[in-house]
Amino acid sequence: YAAGRACGWLLARLGHRRIVFMATDRVWPAVERRLQGVKDGLAERDIEPPRTIAAADFTTSASVAAALWLFQSEAAWSPTAVVGANDVLAVGVLKAARLAGIAVPSMLSVVGFDDLDIAEVATPSLTTVRVPGLEIGAGAVADVIVRVEDAAIRSSAKVFPVELIE
């Protein structure tokens with residue numbers, strides 16, 4: 001959630017008003033929280049929630065196809081920013097923008113999540129939100145172990161810091 005909210009604040013600060021959030025049709029709680037964070041971050045700055053678009057799956061090829069469809073079908077609306085639910089989808093948006101002749105970042109901002117290695121080597125390099133995946137995984141494993149040892153103990157919500165990588 002915090003990562004999405006930070007992303008919403010960034011896009012608001014940059015002046016974006018026509019924003020798209022790309023995920024897939026699969027329900028994934030982390031993506032739902034990211035989307036809600038983006039919506040809330042934008043709402044706090046009096047900006048409309050993002051439109052959503054679904055790629056066929058979490059691959060760059062699926063995201064290229066979805067983004068090309070977006071750029072063609074929404075040409076009159078012309079989004080100024082696309083947020084990928086992860087870096088893989090966002091890199092596909094970068095490629096689609098290149099194919100459609102849309103200059104990034106002057107005409108379109110693209111943001112992803114997770115700070116995967118692909119974000120750094122993409123052209124142009126991708127703005128991403130670093131999410132501490134190892135710490136989240138370790139915390140989840142620790143919670144499972146505690147619950148196996150004592151079913152009466154309930155796991156508590158944990159908040160992990162995120163970092164915007166521009």
Side-chain angles (χ1 to χ4, degrees), residues 1-133 136 160 162-166:
Y1 175 82
R5 195 165 168 218
C7 180
W9 290 341
L10 169 70
L11 295 174
R13 182 172 52 86
L14 293 174
H16 292 287
R17 298 293 179 268
R18 295 184 313 273
I19 302 163
V20 172
F21 186 92
M22 181 186 289
T24 71
D25 286 333
R26 291 185 12 213
V27 176
W28 186 25
V31 170
E32 296 301 317
R33 286 189 300 273
R34 289 172 182 178
L35 174 57
Q36 189 59 53
V38 170
K39 288 178 178 179
D40 290 351
L42 293 172
E44 291 166 10
R45 304 301 198 264
D46 295 321
I47 298 172
E48 300 266 332
R51 293 185 183 186
T52 57
I53 183 173
D57 56 44
F58 283 105
T59 63
T60 53
S61 60
S63 119
V64 167
L68 286 172
W69 176 87
L70 170 72
F71 298 148
Q72 292 166 359
S73 68
E74 297 288 345
W77 182 69
S78 187
T80 61
V82 178
V83 179
N86 63 24
D87 287 342
V88 173
L89 293 179
V91 167
V93 173
L94 288 176
K95 181 175 181 180
R98 216 172 23 255
L99 293 171
I102 299 170
V104 175
S106 62
M107 295 172 65
L108 179 74
S109 291
V110 181
V111 182
F113 290 92
D114 300 328
D115 191 27
L116 302 176
D117 289 343
I118 194 172
E120 186 178 340
V121 298
T123 303
S125 60
L126 181 65
T127 298
T128 184
V129 182
R130 179 177 292 150
V131 179
I136 292 170
F160 294 90
V162 297
E163 180 183 359
L164 189 64
I165 311 297
E166 295 185 72

>> Distance check, rounded to the nearest 0.5 Å: R98 atom CZ versus L108 atom CG?
In response: 12.5 Å

> Counting distance only, does the side-chain N/O of N86 pair as donor-acceptor with the main-chain N or O of F113 below 3.5 Å?
Replying inline: no

> Any side-chain heavy atom of V82 within less than 4.5 Å of one from L70?
Replying inline: yes

> Does any non-hydrogen side-chain atom of V88 lie less than 4.5 Å from one of F58?
Replying inline: no

>> Please enumerate all residues that pass side-chain contact (heavy atoms from CB on, under 4.5 Å) together with A96, with sequence neighbours excluded.
In response: V64, A67, L68, F71

>> Among P50, C7, S109, which residue satisfies the side chain to side chain contact (heavy atoms under 4.5 Å, CB included) criterion with V83?
In response: C7

>> I'd like to know whether T60 forms a side chain to side chain contact (heavy atoms under 4.5 Å, CB included) with K95, so could you lay out the CA-CA distance, the side-chain angles of the two residues, the decisive distance to 0.1 Å, and finally the verdict.
In response: CA-CA 9 Å; T60 53; K95 181 175 181 180; over 6 Å; no

> Which atoms form the tightest heavy-atom contact between A54 and A66, and what is the distance?
Replying inline: O-CB, 4.1 Å

> Which pair of heavy atoms, one from T80 and one from H16, lies closest together, and at what distance?
Replying inline: OG1-ND1, 2.8 Å

>> Ignoring hydrogens, what is the shortest heavy-atom contact between M22 and A55? Give both atom names and the distance.
In response: SD-CB, 4.2 Å

>> Could you work out, with side chain to side chain donor-acceptor pair (under 3.5 Å) as the rule, every residue matching T59, not counting sequence neighbours?
In response: D57, S61

> Under the side chain to side chain contact (heavy atoms under 4.5 Å, CB included) criterion, do V93 and V20 qualify, and how do the steps go?
Replying inline: CA-CA 11 Å; V93 173; V20 172; over 6 Å; no

> With E32, which residues qualify under salt bridge (Lys or Arg N to Asp or Glu O under 4.0 Å), at least two apart?
Replying inline: none

>> Taking the side chain as everything from C-beta on, heavy atoms only, tell me whether V91 gets closer than 4.5 Å to L116.
In response: no

> Roughly how far, to the nearest 0.5 Å, is OG1 of T123 from CG of L94?
Replying inline: 8.5 Å

>> How long is the straight-line distance from CD1 of I47 back to CH2 of W9, given to the nearest 0.5 Å?
In response: 13.0 Å

>> Side chains of E48 and L42, heavy atoms from C-beta outward: is any pair under 4.5 Å?
In response: no

>> Nearest 0.5 angstrom please: T24 OG1 to L89 CG, how far?
In response: 7.5 Å

> P49 and K39: which non-hydrogen atoms are nearest, and at how many Å?
Replying inline: CB-CG, 4.1 Å

>> For V110 and L126: C-alpha separation, side-chain torsions, deciding distance, then whether side chain to side chain contact (heavy atoms under 4.5 Å, CB included) applies.
In response: CA-CA 7 Å; V110 181; L126 181 65; 3.8 Å; yes

>> Tell me the closest heavy-atom pair linking G92 and S63, and the distance in Å.
In response: CA-OG, 3.0 Å

>> If you compare all heavy atoms of A12 against all heavy atoms of R45, which two are closest, and at what distance to 0.1 Å?
In response: CB-CG, 3.5 Å

